[in-house]
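To keep things clear, I will list the structure first and then write my remarks on it.
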Amino acid sequence: MLCEMCGKESETVVRVKVESSVLEVCTACSRFGKPLAPTPGATGGGNGGGALGTDVQDRIGSHQKRMTERDLYAELPDLELDPQWSRKVREAREKLGLTQEQFGAKINEKVSVVHKLESGGMVPPDALVRKLERTLKVRLTARPEAAEA
Ligand SMILES: [Zn+2]
């Protein structure tokens, strides 16, 4: 076999990568190139591709997880509701002598919403909490400053 780099006759040649081409060179010249990984069975292709794919999928997966967690956090209400808020709503409404229908009309919400609120089956968004507090003249939020006063 002739070395493709120095052209000398050599008993053993080594396949090395020199820049972009693969050359069969003698052992003396092989140090100038990058040794090629042996390809037994010559299945070829996809060598290392699977590992790369998994890595990319992992990155995408963790990215989506972070997005989901942030979205959930963004949807948490700013106000900390009084543990008894639903009972307070009902008591305050009854104190005003309003039925659930009348109260619903007053705050511009459906009766089903009023019912859900008073049974604790629905956590009101901040805007509705403020509306309830204004209309019923009760405090539905557990505020730290209340404890300080
Ligand atoms: Zn050589």
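Excluded from the calculations below are hydrogen atoms, water molecules and symmetry mates; all remaining heavy atoms, backbone and side chain alike, are included. For ligands, and for the atoms within them, numbers begin at 1 and follow the listed sequence.
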Who pairs with Val14 by side chain to side chain contact (heavy atoms under 4.5 Å, CB included), at least two apart in sequence or on another chain?
Val16, Thr27, Ser30
Glu19 atom CD, neighbour heavy-atom count above 12 within 6.0 Å:
no
Throw together a table of side-chain donor-acceptor distances under 3.5 angstrom for residues 114-123, partners on residues two or more places apart or in other chains.
from: Glu118; atom 1: OE1; to: Arg93; atom 2: NH2; distance (Å): 2.9
from: Glu118; atom 1: OE1; to: Gln100; atom 2: NE2; distance (Å): 2.9
from: Glu118; atom 1: OE2; to: Arg93; atom 2: NE; distance (Å): 2.5
from: Glu118; atom 1: OE2; to: Arg93; atom 2: NH2; distance (Å): 3.4
from: Ser119; atom 1: OG; to: His115; atom 2: O; distance (Å): 3.0
from: Ser119; atom 1: OG; to: Lys116; atom 2: O; distance (Å): 3.2

Looking at residues at least two apart in the chain, or sitting in another chain, which of them share a salt bridge (charged side-chain N to carboxylate O under 4.0 Å, His left out) with Lys17?
none
Output, by chain and residue number, all protein N/O/S atoms separated from the Zn ion (ligand 1) by less than 2.8 Å.
Cys3 SG, Cys6 SG, Cys26 SG, Cys29 SG
Check whether Lys88 reaches the backbone of Arg139 with its side chain - one donor and one acceptor, N or O, closer than 3.5 Å.
yes
Return the minimal non-hydrogen interatomic distance between Leu2 and Gly7, and the atom names on each side.
CD2-O, 3.6 Å
